[in-house]
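These notes are about the structure you will find just below.
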Amino acid sequence: MKVPIKTKVNGKLYEQEVEVRSTLLDILRDELKIKSVHRGCEDGECGACTVLLNGKPVCSCLVLAAQVDGAEITTVEGLLKGDELHPLMLAFIENHAVQCGYCTPGVIMTAYSLLNNLTDFTDEDLRRGIEGNLCRCTGYIHIIKAIKAAKKCKDSGNWW
Amino acid sequence: MRNFVGLRAIPEMEYHRPIALEQALKLLSELKEGCKIIAGGTDLVPAARRGRMSSSGHIHIIDISSIKDLDYIIKEDDMIRIGAITRLSEVGASTVVKEHVSILAEAASQLGSLQVRNLGTIGGNLCNASPAADTAPPLLALDARVNIRGIGKQRLVPLKEFFTGPGETILAPGEILAEVQIPITEPTAGSCFIKLGRRNAFTLSIVSVATLVKVKDGIFDDVRIALGAVAPTPIRASRAEEHLTGKKVSEQVIDDGAKVVTSEVKPISDVRASAQYRKDMSYIVTKRALTMCFNGGQVTSFAGKG
Amino acid sequence: MEERERRLVSGKGFYVDDIELPNMAHCIFVGSPYAHARIKSVDVSRALRLNGVLAIITGKEVAKLMDPLLATSSYGAIGWHWRTPKVYPLAVDKVRFQGEPVAAIIAEHPYIALDAADLIDIEYELLPPVSDVNEAMQPGSPLVYEEWEDNMQVHLEFNFGDIDAAFKEADRILRVSWHEGRVSGFPIEARGCIASYDRITGMLNMWSSTQAPFLGRQYISSALRLPTNKVRIVVADVGGAFGNKLNWWKDTVVGLGSIITGRPVKWVESKRELFLTGSHNRDVTWEGEVAVRNDGSILGVKAKFVKDLGVEGTNRGSAAMGIIPACCSVPNAYRLFKGLKIEACGVVTNKSPYCAYRGYGKDKGIKFMERIMQIVSRELNIEPEQIRLGNFIQPHQFPYKQISGYVYDSGDYPAVLKKALKLGEVDLWREKQRQARKQGKYIGVGVAFMVEPAGVAAPHCIYGGLTQARVSITSDGLVEVESDQTEIGQGSTITRTKVVANILGAKIDDIEVKRDTSDMPGSGVYSSRGAIYPTGALIRATRELKTRMIKLAGHFLNEEPAHIDITDSVFHSTKDPTKRMSLKELADCVYFRPGPRGLPHDMQVKHEILLDVSASWFSPNTAQNPTSTYATYCSGADIAVVEVDVETGAVSILKYAHVHDAGTLLDKDVVEGQIFGGIVQGIGEALSEELVYTKNGELLNNSYTDYVMPTAQDSPDIAMGHIETPSPFTELGQKGIGEAPIITSKAAIINAIEDALSPFNIRVPESPATRERIRRWILESQEG
């Protein structure tokens with residue numbers, strides 16, 4: 001069965017018919033060709049598919065495509081200004097938080113949301129915030145460092 | 001046994017998206033068989049991908065996540081009322097919940113991960129009825145009730161009576177859990193929620209305990225102890241509660257009372273923990289949760305972090 | 001240089017699942033729900049009728065159209081007890097592990113293939129499964145391979161020095177038992193590949209998430225009966241590997257699927273399939289004795305070592321061979337060994353295939369030794385660091401031939417350990433430990449040390465040390481680099497770029513590391529060899545290229561080559577600054593204007609007219625010392641301070657320090673990133689990760705829900721230190737480090753837990769030390 005949905009993905013309006021049995025992850029990757037959203041476990045356990053749904057980080061593998069009618073979705077592609085990387089992305093690169101890169105877009109979306117919503121946080125808060133994003137390569141150390149560096153950017157106004 | 005496939009496809013289904021509760025109830029009563037209610041999908045979708053959604057005949061998905069009338073947290077006199085599709089992250093962050101029924105906020109903030117909490121709903125957590133459902137112990141300790149709606153009817157059921165077995169509730173076909181009602185108790189001693197898992201975060205509970213204690217003149221006046229993951233359903237440890245009521249508050253008394261809990265739990269052994277460990281931990285964690293009620297604090301998840 | 005990272009953060013990845021080809025079909029594997037059964041019939045007719053199903057491959061087709069899988073190692077040839085079964089990628093007449101693929105479905109859409117999975121009717125005759133390794137070793141046990149008399153795939157004895165003398169001289173003999181639970185890497189991206197067979201050219205093109213495309217090509221072409229030059233593998237972006245992508249058995253079926261259907265076929269493995277069908281690692285048991293003197297000198301170790309291979313360990317991956325480094329690495333950093341004797345058993349059971357996971361084999365011997373050191377320390381009441389300092393190979397003794405035949409290249413073990421002790425604030429924490437005990441709190445300090453053999457060139461297997469690198473200048477002056485140092489997220493691209501930039505004097509932005517493919521002969525990345533073998537080849541090729549370029553620049557600038565330097569891609573004379581030319585200009589001169597016509601006479605005569613050099617490299621260590629199958633030997637020390645909640649068994653890490661000596665560091669940030677990641681993996685293994693099978697061979701935890709890996713809340717702050725003792729055997733003194741950090745971290749945590757619980761007189765017998773187990777050990781010690 002197909003149902004029509006209207007969504008705004010990275011600021012662009014889409015109208016399409018989606019299979020009820022497909023997930024938001026499926027349509028983002030397969031229909032809209034947004035490949036940053038990764039298939040990890042498709043079980044809600046690893047966070048590699050994290051996107052912002054109406055501003056909040058969710059596992060897109062758990063959301064039925066049919067459910068996002070009227071919703072706004074943001075992925076890392078939506079954080080780019082043309083070819084210009086978002087300061088959060090640059091922080092990840094500069095702090096060596098990108099190894100295999102598979103968890104990276106998901107962590108970036110979670111971190112983006114945390115940085116936008118928390119005025120102040122401890123390392124504990126940060127670690128809690130990204131608990132739903134599994135990483136096997138970095139041991140999280142450089143990821144935490146990158147997010148803290150990004151906060152400095154944000155506090156100094158270098159942010160969007 | 002079924003052939004092994006790493007991930008099954010979500011089966012073909014029909015999708016319905018009512019925008020009002022009455023509409024949803026009407027759908028349920030018309031369609032009868034094969035109806036599954038979805039809000040956050042955090043239980044339903046993984047179950048479908050594990051092949052646990054039976055596909056003999058049509059499956060009808062009733063998506064209630066757009067029913068705005070079911071999404072609220074309000075304080076009404078001495079009652080907190082939470083709509084069934086309120087996201088767990090909202091429940092955890094709500095100042096109303098944190099101020100008046102803080103153990104629910106604690107549990108909601110530790111359930112799963114941030115991503116899961118942004119999707120999962122309080123109603124979904126209860127209706128999925130996992131014995132380890134984290135919102136259940138605090139709600140049981142708070143003597144919560146659920147408002148169950150059917151076409152042309154509604155019933156208020158104490159949460160104590162809601163769970164009937166692992167994954168089973170008293171919901172009859174055609175019924176939707178619409179609201180959770182929590183009487184506000186002003187604990188003169190305190191309340192506490194502790195969750196013990198297998199790692200520091202994002203872990204299923206091996207044991208979760210919610211306690212709420214009122215004390216009068218140094219005597220246990222009203223003791224509530226609720227546990228998750230140690231019985232076929234989340235439970236109140238009424239024997240332990242009785243044992244403690246009327247006794248003078250002391251370390252020894254708390255310890256004895258917590259031990260009584262072990263006679264009330266019926267845990268299973270699985271890959272996550274053995275029954276014996278769960279039983280032992282029901283005592284240890286209850287003891288700590290009761291103790292923390294007097295230390296004015298909410299202890300968070302059993303991080304083992306000091 | 002960060003072009004790759006810029007792509008990956010902005011959604012321009014090229015992982016297997018990102019790749020779409022026109023007319024592409026999708027493959028999924030259907031596996032057995034039973035661990036041990038005969039296949040009586042496979043009926044695919046219902047599944048084939050499903051609209052959109054293109055083809056279904058079963059064991060019958062595979063046995064007809066494919067050759068058995070290539071054995072990746074075989075020591076049977078030299079008379080060892082080493083059995084190599086005939087293995088196909090799909091079960092033909094028997095299934096031997098739960099999840100063993102029985103069919104592959106190729107369909108227009110993955111959902112269609114998945115729907116078809118339940119329409120395949122398979123009749124099984126159940127056989128008694130043997131999932132417990134001890135039962136598998138009993139006479140009368142069900143046989144995993146009926147053509148063998150027993151379940152012993154490999155049975156070896158390692159006997160070095162004089163073990164009897166060692167035990168005779170000892171003051172004490174201590175028993176040591178140690179078991180590591182079954183674990184694996186389970187990278188966030190599972191396995192996968194795309195195969196596209198061109199019926200006109202007969203070329204099978206593949207895109208793969210793999211660590212070793214050239215080896216993969218050999219393995220796949222052999223199975224598919226194709227000449228190797230008709231199979232080409234391009235490595236996609238790899239979402240983590242850790243050894244789990246050093247096998248290609250399912251890829252062979254994807255290739256066959258493309259050949260049969262004439263369509264490109266994509267296979268993306270689901271996570272639960274990765275968990276269930278391997279590849280797994282660890283799952284070893286040591287029962288041994290150590291001969292010690294009262295002053296802590298370790299004179300010898302005798303042990304029986306049993307490795308649970310699951311189904312065989314040579315065709316679906318190199319598993320059995322790991323037994324050899326496991327045994328030979330036991331002496332670790334210690335010099336007083338007079339004897340080492342190990343009986344090693346590689347036993348098959350009805351469990352998933354076993355292959356490489358960070359550490360591969362040497363990790364096991366090292367961890368066993370570090371458990372021994374902890375036990376000796378307690379028994380003799382000598383601090384664990386003192387025991388080690390007393391036994392260490394001394395700095396002046398390098399190169400040092402260890403009793404097992406490994407020749408350690410360089411090191412300063414005392415300096416590494418002392419630095420770690422300082423970083424870990426051990427004295428302070430021991431004082432806190434004393435204070436804590438008075439309050440009924442249990443803090444523990446764990447020490448662990450390792451010498452990690454890296455860069456293998458082993459006999460009788462496909463990992464014999466093959467490597468090649470190629471550096472060339474394009475006709476418009478860019479530098480292109482190609483080697484078998486496959487990029488799997490470990491910093492290979494960055495490192496290669498920097499190595500070339502430093503030698504050539506070229507601008508970083510002018511250097512492009514080409515996407516890895518099977519075109520380049522070489523073994524790929526594993527055994528921490530990237531910094532050793534491929535880098536060695538790259539350095540040699542780059543140096544040769546530079547010599548040639550300097551000569552040519554001198555020719556065109558009319559300057560002595562001795563006075564030519566290159567900086568930022570510009571050749572300039574050190575004597576006359578006006579004499580300069582860019583790399584781009586040189587390239588144009590060499591290629592076109594004037595081209596070969598205008599080159600120095602001697603170069604024309606020798607036909608050396610191209611700016612294109614390929615080179616190889618082989619370990620001088622191994623060449624001089626054939627028993628030293630590894631090229632370099634880095635070292636490291638870990639200090640872990642934990643607090644154990646004795647009521648729940650929960651462990652919190654209060655302090656963590658790690659010091660590393662990887663010789664000359666090629667890129668500090670890359671190395672630190674690898675170390676942090678490895679340490680946290682080791683912590684996961686120590687505290688919570690384990691694959692749990694029932695007696696019937698059913699895996700109880702095949703998902704991230706129940707295979708408990710560290711989240712961001714489970715990783716500690718890590719204080720890191722480096723020491724560099726260059727290796728005399730490599731071009732820049734660099735050593736391999738990739739696997740090292742996962743080894744000592746696990747040992748340090750386990751040792752710390754044991755130290756914390758010393759008032760209870762507990763010996764930690766196994767990993768993971770889960771909360772439940774810790775509590776059980778405490779209760780048992782209180783009852784006993």
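Throughout, a chain's letter reflects where its sequence line sits, starting with A, and its residues are numbered from 1. Here the structure is a predicted model, which is why all the values come from computation and not from measurement.
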Identify which part of [X] has an atom lying under 4.5 Å from any heavy atom of chain A, answering side chain, backbone, both or neither.
X        : value
C/Pro716 : backbone
C/Ile188 : both
C/Phe186 : backbone

Residue among A/Ile34, A/Leu85, A/Leu88 with most heavy-atom pairs under 4.5 Å to chain C: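 The candidate making the most pairs under 4.5 Å is A/Leu85.
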Heavy-atom pair count under 4.5 Å with chain C, highest-scoring of A/Val98, A/Ile141, A/Leu126, A/Val76: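 Of A/Val98, A/Ile141, A/Leu126, A/Val76, A/Ile141 has the most heavy-atom pairs under 4.5 Å with chain C.
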Check chain A against chain C and list any donor-acceptor pairs under 3.5 Å.
unit_1, atom_1, unit_2, atom_2, d
A/Arg21, NH1, C/Asp115, OD2, 2.9
A/Arg21, NH2, C/Asp115, OD1, 2.7
A/Arg21, NH2, C/Asp115, OD2, 3.0
A/Asp26, OD2, C/Tyr111, OH, 2.1
A/Arg29, NE, C/Asp17, OD2, 3.2
A/Arg29, NH1, C/Asp18, OD1, 3.2
A/Arg29, NH2, C/Asp17, O, 2.9
A/Arg29, NH2, C/Asp17, OD2, 3.3
A/Arg29, NH2, C/Asp18, OD1, 2.7
A/Lys33, NZ, C/Glu20, OE1, 2.9
A/Lys33, NZ, C/Glu20, OE2, 3.2
A/Lys35, NZ, C/Glu20, OE2, 2.7
A/Arg39, NE, C/Asp17, OD2, 2.8
A/Gly40, O, C/Lys271, NZ, 3.2
A/Glu45, OE2, C/Thr705, OG1, 3.2
A/His96, NE2, C/Asp669, OD2, 3.0
A/Gln99, O, C/Arg4, NH1, 3.1
A/Gln99, O, C/Arg4, NH2, 2.7
A/Gln99, OE1, C/Gln674, NE2, 3.0
A/Gln99, NE2, C/Gly673, O, 3.0
A/Cys100, O, C/Tyr15, OH, 2.7
A/Gly101, O, C/Tyr15, OH, 3.3
A/Tyr102, N, C/Tyr15, OH, 3.4
A/Arg127, NH1, C/Ala712, O, 2.8
A/Arg127, NH1, C/Ser715, O, 2.7
A/Arg127, NH1, C/Ser715, OG, 2.8
A/Arg127, NH2, C/Asp717, OD1, 3.3
A/Glu131, OE1, C/Gln713, NE2, 3.0
A/Arg136, NE, C/Gly185, O, 2.7
A/Arg136, NH1, C/Glu689, OE2, 2.9
A/Arg136, NH2, C/Ser184, O, 3.2
A/Arg136, NH2, C/Gly185, O, 3.3
A/Arg136, NH2, C/Glu689, OE1, 2.7
A/Arg136, NH2, C/Glu689, OE2, 3.3
A/Gly139, O, C/Ser715, OG, 3.1
A/Tyr140, OH, C/Pro710, O, 2.7

Max heavy-atom pair count under 4.5 Å with chain A, selected residue of C/Gly185, C/Gly13, C/Gly491, C/Pro187: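 Looking at each option in turn, the highest pair count goes to C/Gly185.
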Best-contacting candidate, C/Gly240, C/Gly684, C/Gly673, against chain A by heavy atom pairs under 4.5 angstrom: C/Gly673
Distance, nearest 0.5 Å, that separates SG of A/Cys41 from CG of C/Leu274: 12.0 Å
Contact summary for A/Cys100 and C/Gly239, nearest pair of heavy atoms: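 Closest heavy-atom pair between A/Cys100 and C/Gly239: SG-C, 3.3 Å.
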A/Ile108, part contacting chain C, at a heavy-atom distance under 4.5 Å: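 Contact with chain C involves the side chain of A/Ile108 alone.
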Contact origin within A/Leu90 toward chain C - heavy atom pairs under 4.5 Å: side chain
A/Lys8: partners by side-chain contact (heavy atoms from CB on, under 4.5 Å), with sequence neighbours left out: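 With neighbours one apart ignored, the set is A/Leu13, A/Glu72.
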